[in-house]
Amino acid sequence: MNLLSKETSPYLLQHAHNPVDWYPWGAAALQKAREEDKPILVSIGYSACHWCHVMERESFEDEGTAQLMNEHFVNIKIDREERPDLDHIYMDAVQAMSGSGGWPLNVFLTPDARPFYGGTYFPPVRAHNRASWKEVLMGITQAFKEQRAQIEEQAGQLTDHLKKSNSFGTNPINLNIPQEERFTLTQLEQAFQAVMGQADRNWGGFGRAPKFPQTFTIQFLLKHYYLTGKSEALEQALLSLDKMIMGGIYDHIGGGFARYSTDTEWLAPHFEKMLYDNALLVLVLCDAYQITGKERYARTIRETLGFVKTELMSEEFGFYSALDADSEGEEGKFYTWTIDQIRELESEGDREIIDLFCSVYDITPNGNWEHVNIPRLKEWPEEQVADGRLQVADLERIEGFKSKLLAIRNQRVRPGLDDKILLSWNALMNQAFAKSALILGDKELGEIAVKNMEFLLGAFTDATGKTRHTYKNGVSKVDGFLEDQAYLTQALIFLQELTGEAGYLERAKVLLEEGIRHYSDEEGLFFYFTRDDQEDIIIRKKEIYDGATPSGNSVMANVLLHLGILFERSDWKDRAVKMTDSVSQMAIRYPTSFGIWTDLVQEMVYGTLEIAVLGRGAAESGKKVLMNYVPYRVYQSSDTENERYPLLKGKLPGERTSFFLCKNYSCKNPVYDSTEFIQLIEKEIRLIIN
């Protein structure tokens, strides 16, 4: 075994038995490279990555290849989910050199950790105009000996480029736009048209295959519809969600979503299931359910969170990171079916229901994907009931049959579980459970959110608000990153809405203050991805655009705005406005890459409503309000008088629950009925729009 055997990351442990002398990233490996004056090979991946497994089998398990690597390089393996800071730096370097990136990411560094060459997957033999891995190793070895000066120069130029490009997205494109032309309806219309220009009007989603969920863009469209009444926005948002739910990217047997679809129709996923994707999809499904009331969205929320509880939740109420795409060395084998495997369940009583199931879920003798079947819906079963092709009783029988298939599937060799617990992804899932508890009126989901938060605060934070990033086997390690600080702060804000517990707001305030102290840039506007006391990176990155997960900066702008209102901190609100203003031109032009920022621009245009609920049972009464869709708001409730918070100050609770609607702390007269209060909110929003 190599040194990775002492690590806790499942991805690193997967490589512990390779003949390669892998090191984890750290002082020992970096010092070895400097002392021996060897180039560093950094190989970055994650446990659910299919092509990472392929390259391991083909190259890293090969004795001859390992000998080359061990003789000429200091070899470092990195779990990108454990060290996203390093992944961001070296991914940017490879993209700058080659124009593309992905995982596995293989990058060569000078002994002082500056990148000079890299790529993604390399085959064991030359193929498709791609050099073999051994050819790359020998070429780098020769160049490092014979062309050292050129390599040092290239590494210096590339590092300088990474530093200069670090401000991407943080500055306005046009500095001469007058103030009155910022945060306008015209900007929102431009953003909407840009989104729709990329929309797939037939199959939902945005852009071409491979297709990712892009939940931030869908959320923007749902809010845009609510505020403008544009049916086109709602139609594209719901089309995207519907096609994903119907497609193979959704696990119709066990619940939960895969990371992305390899095709236009959402049929064939890359079968890995990530915690963050399922959290973000549940959050946007909550919005869709609130707006439409369609049971299909509530059902999908319950099934997805059911999958998370069953397969990704630890005994400590932490959530694991991912399920692998592969099992038995084959991608998707756990999730796919042949017609014969399904027919094995035939008996005199099952034959009819099997025919129904196969018809509804597109199961065919030849298969719908690579000679096997991925269950999917070509049309909604309830629509088949409506036109008489199915009976309501048939749907119940099909659900019963799916339970049988799940039981059989559970006997198969399971995909690998990445059982490290990440703070940032857990904070997203905490919001998903809390929001679902509110809109579905499900107390159990709310209890899980509370227990998960207790675990996160205990395992990942200290009294000062400093966070850690990853946890396993009772040990948390790696200093937290901006996304950990930001996502957890946001989750605490939402959890106080669910519970009425002001203590969550106080913890959020501590976290925000710690984030401002240790992550702020020199101008005091944006935030670095890493803390100011981290020393093992060549540059401090600023992540601005929203990728598969929200950027830490966009979420920090969000919490600065909302906590600024709740604690009456004009400096926090002003910073949120300035951050959003700086990014707004990029966000309007490229809204699918800056989804959270575009949403913030929309909030700046329409403003943030302030809702306060006071009196006996305020927390429970307030839930009747929160079950309704109110996109841009802050919210507090209290059973008793509370002068600490501006939104509650001067409002005396009485025997009846009082509902207050405010803006800039100026409140309308209280309303004493939740239904009447919801009508008041809708009236206020209509006034703002008009």
Side-chain angles (χ1 to χ4, degrees), residues 181-207 211-244 280-294 297 435 439 545-546 550-551 554-555 557-558 561-562 576-577 580-581 583-609 626 628-634 663 678 681-690:
E181 293 182 19
R182 298 176 177 178
F183 300 133
T184 64
L185 293 173
T186 300
Q187 282 186 313
L188 293 182
E189 177 62 22
Q190 291 170 347
F192 172 68
Q193 293 300 331
V195 167
M196 296 308 294
Q198 295 188 50
D200 182 337
R201 307 295 184 101
N202 295 316
W203 289 100
F206 308 90
K211 294 172 80 170
F212 292 81
Q214 296 205 35
T215 53
F216 316 138
T217 302
I218 298 172
Q219 282 184 315
F220 168 77
L221 288 177
L222 290 173
K223 293 176 181 178
H224 198 66
Y225 160 75
Y226 181 81
L227 294 165
T228 66
K230 288 181 183 173
S231 58
E232 190 180 12
L234 179 65
E235 289 165 3
Q236 186 62 31
L238 298 185
L239 176 68
S240 301
L241 292 175
D242 288 351
K243 292 299 184 183
M244 280 188 274
L280 294 170
L281 279 158
V282 165
L283 288 169
V284 74
L285 284 166
C286 286
D287 290 349
Y289 179 63
Q290 285 179 300
I291 290 173
T292 67
K294 289 185 177 180
Y297 302 130
K435 189 169 184 176
I439 71 159
Y545 68 90
D546 300 304
S551 75
S554 65
V555 178
N558 198 291
L561 175 64
H562 293 157
V577 172
T580 307
D581 187 29
V583 180
S584 62
Q585 293 178 41
M586 290 290 287
I588 298 307
R589 186 173 293 188
Y590 308 108
T592 56
S593 297
F594 292 84
I596 303 296
W597 291 110
T598 312
D599 191 56
L600 273 165
V601 172
Q602 189 159 253
E603 182 164 5
M604 301 292 180
V605 171
Y606 286 105
T608 308
L609 294 178
L626 294 175
N628 292 269
Y629 188 65
V630 184
Y632 299 121
R633 51 138 178 86
V634 295
K663 203 163 188 182
I678 292 162
I681 291 173
E682 292 175 349
K683 182 179 178 182
E684 179 67 18
I685 291 173
R686 298 279 82 77
L687 288 172
I688 293 170
I689 293 170
N690 297 325

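Side chains are part of it too, since the values below use all heavy atoms of this structure and drop only hydrogens, waters and symmetry mates.
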For residues [X] and [Y], report the shortest heavy-atom separation together with the two atoms involved.
X: Val195; Y: Pro591; value: CG2-CG, 3.5 Å
X: Gly205; Y: Gln236; value: O-NE2, 3.4 Å
X: Ala191; Y: Phe220; value: CB-CZ, 4.2 Å

Kindly compute the distance separating [atom1] ([X]) from [atom2] ([Y]), expressed to the nearest 0.5 Å.
X: Leu239; Y: Trp203; atom1: CG; atom2: CH2; value: 9.5 Å
X: Met604; Y: Asp581; atom1: CE; atom2: CG; value: 9.0 Å
X: Leu221; Y: Phe206; atom1: CG; atom2: CZ; value: 5.0 Å
X: Ile291; Y: Leu222; atom1: CD1; atom2: CG; value: 4.5 Å
X: Leu281; Y: Met244; atom1: CG; atom2: CE; value: 5.5 Å
X: Gln290; Y: Leu285; atom1: CD; atom2: CG; value: 11.5 Å

Under the salt bridge (Lys or Arg N to Asp or Glu O under 4.0 Å) test, residues paired with [X] that sit two or more places apart:
X: Asp546; result: none
X: Glu189; result: Lys230
X: Glu232; result: Arg201
X: Lys211; result: Asp200

List for me each residue that meets ring-ring contact (aromatic ring centres under 6.0 Å, His included) alongside [X], sequence neighbours excluded, and say none if there are none.
X: Tyr632; answer: none
X: Tyr226; answer: Tyr629
X: Phe192; answer: His224

Can you name the side chain to side chain contact (heavy atoms under 4.5 Å, CB included) partners of [X], sequence neighbours left out?
X: Val634; value: His562, Ile565, Leu566, Thr608, Glu610, Leu647
X: Tyr606; value: Leu185, Leu188, Leu227, Thr228, Gln602, Ile688, Ile689
X: Ala557; value: Met579, Thr580, Trp597, Leu600
X: Lys294; value: Thr292, Arg296, Tyr297

Open item on the list: What I'd like to find out is whether the side chain of Ser584 reaches to under 4.5 Å of the side chain of Gln187, using heavy atoms alone.
Closed with: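 Yes; the side chains approach each other to less than 4.5 Å.
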Task: Sequence-distant partners of Gln198, side-chain hydrogen bond (donor to acceptor under 3.5 Å, both in side chains), two or more places apart - done: Thr592
Task: Heavy-atom neighbours of Lys663 NZ exceed 12 at 6.0 Å - done: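 More than 12 heavy atoms, drawn from other residues, nucleotides or ligands, come within 6.0 Å of this atom.
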- [ ] Sort out for me which residue in Thr598, Asp287, Asp599 forms a side-chain hydrogen bond (donor to acceptor under 3.5 Å, both in side chains) with Lys223.
- [x]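 It is Asp599; the other options fail the test.
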